[in-house]
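Everything on this sheet refers to the single structure shown next.
We name chains A, B, ... by the order of the sequence lines, and we start the count at 1 in each one.
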Amino acid sequence: MAPPLKAPSVKSPLTSSKISDSSGKASSMGLPNTNSKPSTLATDKSKIINKQIEEEKPLTEPAAEPSDDSEDSEDDKPLSARHPVGFSKIKSNNANKGTLQLDTKPSIPKYEDSDDEKPLSSKFQSKSSTGASTRKSCDFDEEKKPIVAKIHKNGSASKDSSIKKSSIMLKKRPATELKSTGHSSQPSGKAEPKAEDEEDDLPISQITKKSATSDKKLSPVKKITKVVSTSLKKINKKSKKVMKTSNYSKSSKVPPGSGEGQKWTTLIHNGLIFPPPYKHHGVKMLYKGKPVDLTPEQEEAATMFAVMLDTDYMNKPKFKENFMNDWRKILGKKHVIQNLEDCDFTPIYEWHQKEKEKKKQMSTEEKKAIKEEKLKQEEKYMWAIVDGVKEKVGNFRVEPPGLFRGRGEHPKMGKLKKRICPSDITINIGNDAQIPECPIPGESWKEIRHDNTVTWLAFWNDPINPKEIKYVFLAASSTLKGQSDKEKYEKARLLKDYIQGIRAAYTKGFTSKDLTKKQIAVATYLIDKLALRAGNEKDDDEADTVGCCTLKVENVEPLPPNSLKFDFLGKDSIRYQNEVEVEPAVFKAIQQFRSGKKGGDDLFDKLDTSKLNAHLKELMPGLTAKVFRTYNASITLDDMLSRETKGGDAAEKVVVYQHANKEVAIICNHQRTVSKSHSAQILRLNEKIEELKGVLEELETDLVRAKKGKPPLKNTDGKPKRNMNPEALKRKIAQTNAKIEKMEREKESKEDLKTVALGTSKINYLDPRITVAWCKRHEVPIEKIFNKSLLAKFAWSMDVDPSFRF
DNA sequence: TAATTTACTTAGTAGCAACAAA
DNA sequence: TTTGTTGCTACTAAGTAAATTA
């Protein structure tokens, strides 16, 4: 049996003082191999065959069959034989599970626990309508009904305001009408019937007719070509794309595919809101102890720096250097301020603190009034109407100027992020929609596009790195985002059918004579086993972080006989530290890849993400490196929930869920910095526990006395205590014990999770249908797991069949 | 084929509001 | 009522990956 893996420990350079490896919660780092149930192998194989017959989908040959013998020889082995490590925890449990019958209904997994099979009442469905993103017509709809236009609002329960009525017609597109990928979320085959029902509100013919009207009598295809008129250069490409998807126009009911081609037919929005202009405060900073006069522009930059005086950035010379270089440009060469060391920003800092304090001290009414005023100003920017559906816009506020807060050792940290003007911004909007008024008088947008093959509403070039683009997108609750979210999970589910073959293939590749093939095999293994990111190439003007393909020799240390010690900075400069036993062939391969290289050389010198992904695509259609993360995260959740959910009340089941969530977060190395108050909180808990232990001791003494018929001892302050009978004392002792235990658990859990971020995986990696179906099966209110935003984001998953398994 | 551009997803955190405990 | 804690949201940086260009 492989030794348990160490959890990646936790130390970002930026925060190194705050974080330390919490635990070595060993078992948790094991590779989620739940797919490896021997029993499901056969099932999966039959699935592949069924799918191909049913869908006439030749696709890429499922990698499940790299060759007949390889399949026989590999798949027949328990997965543990091929992945002796990393499976430590889950593997052993799975070993007991190998009794499933071959299931002829491909997408309906069988359950060991027959209770699980019982679909709960559909009360759940109705519950989902309380979520922020209901499929029901909202008040807004009702109001608009008389004007044929019906806008379905997606993504918020907040009050509506009017978006200017447009010449185009509005129709409903419920989120449940997401494009089916052939892997229905409804194993029962009743895939998303709701959409049709709801569309009944508006007869198809009517919709089509309206669309035609809105299209100014253009035939749909013509119209699309017209809408897609970004630039002459692009017309050919776009037309091709459009042709591919043009059959959508047969019925407006079919939402445009999100994968490629057309994303929308009509798009209306009001542009963006800009931050208010800078307000000169006149507080003078000191230079060599003397107050300095600054122009508003100079003062603005000084203030940006001053408000960061209490951040970690002040300990970063690069931050200060970059700031000073940019500030100097504003100050001018001859300015009295010549170096940062002689600057004293505290007067501005203190002024800012006072302003914050003032704000805090405002009465509730004042705060409310300000909030309402802000809402009033922003309301019109908050929404877009996409194909007649009112959708929330994600980031409708233009980013304000400030100092760049790059993470880790970012070479550009501290640089001045200049103010974005309308003339920096390109707007994307429907051809027939009114072009948003530029909110700053006398200025105008950089460009207006009408590109319906993209989902962004606007963009500007990042002032820090002009090659980078900042986009304005719809919110996560929007239909468009929901659709691609669902597609993401469907792709990950598809990997389930191929994973055995892929694993067999890369295992073969470990000993390939072709070095590129060998590196691809080992890299894929690491991505699968350790959930590493792909690792794109990075520029020199970014923080020096790596992913799998960009690992350096110094990041992976072989520890004989067959372990690897990983230590590198990944995304966001979060440190990944892990020591893991690997297959001997992998160990040997890594040694070979390292030989003759220096520490800073690429470990996989024959490899980059495009080569890797090109290879993965040969194994499964659409497969890329990141799919493994989604797959391993979701299958781990599904597996852990099914194994660990026992009886008990909802609260106990929520604990099971959180435990599974935590395992996934650890696998994905999702970290957070330890909160400033963490140690104080632990200290306080310890004090309380000690106090309770004291009480317990007294009670026990009293019990002994009470049994002898003696009165209790006096209190610590000398006062007499109430005389209780032994039974009452026993009850009290039990209560106190329970309290102590609860606090101990609380403390343990707090300590355990202090560096683990649970939210990231919930938002991005865990198929919400697993959660929703589990909640339905076990009568756990979904609100216990998903907050309001997640309910809105995952609206598309709410009607999943309770029997759904990933 | 490599480099660049484009479009999108994934990520941690600051700040604040809601809630709980004292 | 005050203070501490928790959880949510907005924010924006930093990834992935495909398409396009040189």
Side-chain angles (χ1 to χ4, degrees), chain A residues 12 14-15 18 230 233-234 237 241 258-260 263 307-308 311-312 356 359-360 364 367-368 371 394-400 402 404-408 410 412-413 417 426 428 451 453-456 459 461-462 464-471 473-476 480-481 484-485 487-488 533-539 542-543 545-550 569-574 608-614 616-617 622-627 629-630 633 665 668-673 675-678 680-681 684-685 688 746 750 755 757-761 763-765 787-790 792:
Chain A
S12 101
L14 186 79
T15 53
K18 319 178 209 177
T230 314
K233 261 188 178 176
K234 288 183 177 174
K237 158 200 141 197
K241 278 187 177 177
S258 72
E260 53 176 306
K263 299 285 171 43
V307 302
M308 290 179 74
T311 69
D312 257 6
K356 275 208 300 197
K359 244 182 159 179
K360 230 168 125 186
T364 322
K367 283 183 192 163
K368 204 177 150 197
K371 207 176 153 188
N395 50 331
F396 53 87
R397 298 181 192 95
V398 174
E399 290 178 20
F404 178 64
R405 298 178 178 215
R407 298 173 189 163
H410 199 295
K412 292 192 171 183
M413 66 170 86
K417 218 171 70 161
T426 298
N428 191 34
D451 185 351
T453 67
V454 294
T455 64
W456 52 266
F459 80 78
N461 289 88
D462 179 12
I464 293 297
N465 189 354
K467 282 189 296 187
E468 302 290 316
I469 296 173
K470 301 279 199 171
Y471 291 95
F473 290 114
L474 293 174
L480 225 38
K481 290 278 190 198
S484 73
D485 219 22
E487 281 164 12
K488 173 181 79 184
R533 295 189 184 82
N536 281 329
E537 297 293 331
K538 294 190 75 181
D539 285 346
E542 295 174 275
T545 62
V546 300
C548 184
C549 292
T550 43
L569 297 183
K571 184 178 180 179
D572 293 307
S573 293
I574 296 292
D608 60 41
T609 50
S610 45
K611 277 183 198 146
L612 178 69
N613 282 335
L616 293 177
K617 284 205 168 51
L623 183 61
T624 62
K626 80 193 266 276
V627 180
R629 263 169 89 81
T630 314
C668 293
N669 200 30
H670 290 145
Q671 298 185 12
R672 59 176 185 154
T673 53
S675 80
K676 280 178 196 160
S677 59
H678 176 79
Q681 285 171 26
R684 204 166 300 133
L685 274 173
K688 278 186 189 168
E746 204 178 308
K750 202 165 250 190
T755 61
L758 298 181
T760 310
S761 48
I763 295 169
N764 300 302
Y765 287 102
N787 63 31
K788 210 179 79 192
S789 345
L790 287 180

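- Rounded to the nearest 0.5 Å, atoms CZ (A:Arg629) and CG (A:Asn764) are 9.5 Å apart.
- For B:dA11, the OP1/OP2 oxygens have a side-chain nitrogen or oxygen of A:Arg629 closer than 4.0 Å.
- Minimum atom distance to the side chain of A:Asn613 is reached by C:dA18, of the listed C:dT12, B:dA11, C:dA18.
- Rounded to an integer number of Å, the gap from A:Asn787 CG to C:dG7 P is 11 Å.
- As rounded to whole Å, 14 Å separates atom P of C:dT16 from atom NZ of A:Lys617.
- Note on A:His670: every side-chain N or O is 4.0 Å or more away from OP1 and OP2 of B:dT10.
- Taking side-chain N and O atoms only, A:Gln671 has no distance below 4.0 Å to OP1 or OP2 of B:dA11.
- For the OP1/OP2 pair of B:dA7 and a distance below 4.0 Å, the side-chain nitrogens and oxygens of A:Thr455 include no atom meeting the criterion.
- Rounded to a whole Å, the CD atom of A:Glu537 is 18 Å from the P atom of C:dA14.
- Put simply, A:Asn395 has no side-chain N or O that comes within less than 4.0 Å of OP1 or OP2 on C:dC11.
- A:Lys371 comes within 4.0 angstrom of no nucleic acid atom, judged by non-hydrogen atoms across all strands.
- Contact check, A:Lys467 against B:dA3: no side-chain N or O comes under 4.0 Å of OP1 or OP2.
- Here A:Ser675 lies out of heavy-atom contact (under 4.0 Å) with every strand.
- Between A:Ile464 and A:Lys412, the shortest heavy-atom contact is O-NZ, 3.2 Å.
- Nucleotides of DNA chain B nearest to A:Arg533 and A:Phe473 differ in position, and the one nearer the 5' end is that of A:Phe473.
- Note on A:Gly535: only backbone sugar-phosphate atoms sit closer than 4.0 angstrom, heavy atoms only; bases stay farther off.
- Rounded to an integer number of Å, the gap from A:Ile464 CD1 to C:dA14 P is 10 Å.
- Under 4.0 angstrom from either OP1 or OP2 of B:dC8 there lies no side-chain N or O belonging to A:Lys481.
- Side-chain contact check for A:Ile763 versus A:Leu790: some heavy-atom pair is nearer than 4.5 Å.
- Nucleic acid contact for A:Ala680: none, since no nucleic acid atom lies under 4.0 Å from a heavy atom of the residue.
- A:Asn536 comes within contact range of at least one nucleobase, with a heavy-atom separation under 4.0 Å.
- The NZ-C1' distance, from A:Lys488 to B:dC8, rounds to 11 Å in whole Å.
- Taking only side-chain nitrogens and oxygens, A:Lys367 never comes nearer than 4.0 Å to OP1 or OP2 of B:dC16.
- Relative to the side chain of A:Tyr471, the nucleotides B:dT6, C:dT12, B:dA11 differ in distance, and B:dT6 lies closest.
- Minimum atom distance to the side chain of A:Thr624 is reached by C:dA17, of the listed C:dA17, C:dA14, C:dG15.
- Phosphate contact (OP1/OP2 of B:dA11, side-chain N/O of A:Tyr765, threshold under 4.0 Å): present.
- Within 4.0 Å of A:Lys360, counting heavy atoms only, lies no atom of the nucleic acid at all.
- In this entry the distance linking CD of A:Gln681 with P of C:dG7 reads 11 Å, nearest Å.
- Comparing A:Glu468 and A:Ala757 against DNA chain B, the residue whose closest nucleotide sits nearer the 5' end is A:Glu468.
- A:Glu542 places its CD atom 15 Å from the P atom of B:dA3, with the value rounded to the nearest Å.
- Between A:Lys750 and C:dT6 there is a side-chain polar atom (N or O) within less than 4.0 angstrom of OP1 or OP2.
- For A:Met308 against A:Arg405, the heavy-atom pair with the smallest separation is CG-NH2, 3.3 Å.
- OP1 or OP2 of C:dA18 has not a single side-chain nitrogen or oxygen of A:Ser610 nearer than 4.0 Å.
- When heavy atoms are screened at a 4.0 angstrom cut-off, A:Pro400 is found touching the sugar-phosphate backbone but no base atom.
- Taking the six-membered ring where the residue is Trp, A:Tyr471 and A:Phe459 present tilted rings, their angle falling between 30° and 60°.
- Across all strands shown, A:Lys417 has heavy atoms under 4.0 Å from sugar-phosphate atoms exclusively, and none from any base.
- With rounding to the nearest 0.5 Å, the separation of CG in A:Leu612 from SG in A:Cys548 is 7.0 Å.
- Checking the phosphate oxygens (OP1, OP2) of C:dG15, no side-chain nitrogen or oxygen of A:Lys626 falls inside 4.0 Å.
- With sequence neighbours excluded, no residue forms a ring pair (Phe, Tyr, Trp, His ring centres under 6.0 Å) with A:Phe396.
- Here the P atom of nucleotide B:dT6 and the CH2 atom of A:Trp456 are 10 Å apart, to the nearest Å.
- Residue contacts shown for A:Gly759 are absent, as no nucleic acid heavy atom lies under 4.0 Å away.
- Looking at A:Lys367, its side chain does come within 3.5 Å of a backbone N or O of A:Lys360 through a donor-acceptor pair.
- Checking B:dC8, C:dT12, C:dA14 against the side-chain heavy atoms of A:Glu399 singles out C:dT12 as nearest.
- Under 4.0 angstrom from either OP1 or OP2 of C:dC11 there lies at least one side-chain N or O belonging to A:Arg397.
- Among the nucleotides B:dT10, B:dA21, B:dT9, the one closest to any side-chain atom of A:Lys571 is B:dT10.
- Neither OP1 nor OP2 of B:dT9 sits under 4.0 Å from any side-chain N or O of A:Asn764.
- Sequence order on DNA chain C of the closest nucleotides to A:Val398 and A:Glu746 puts A:Glu746 first from the 5' end.
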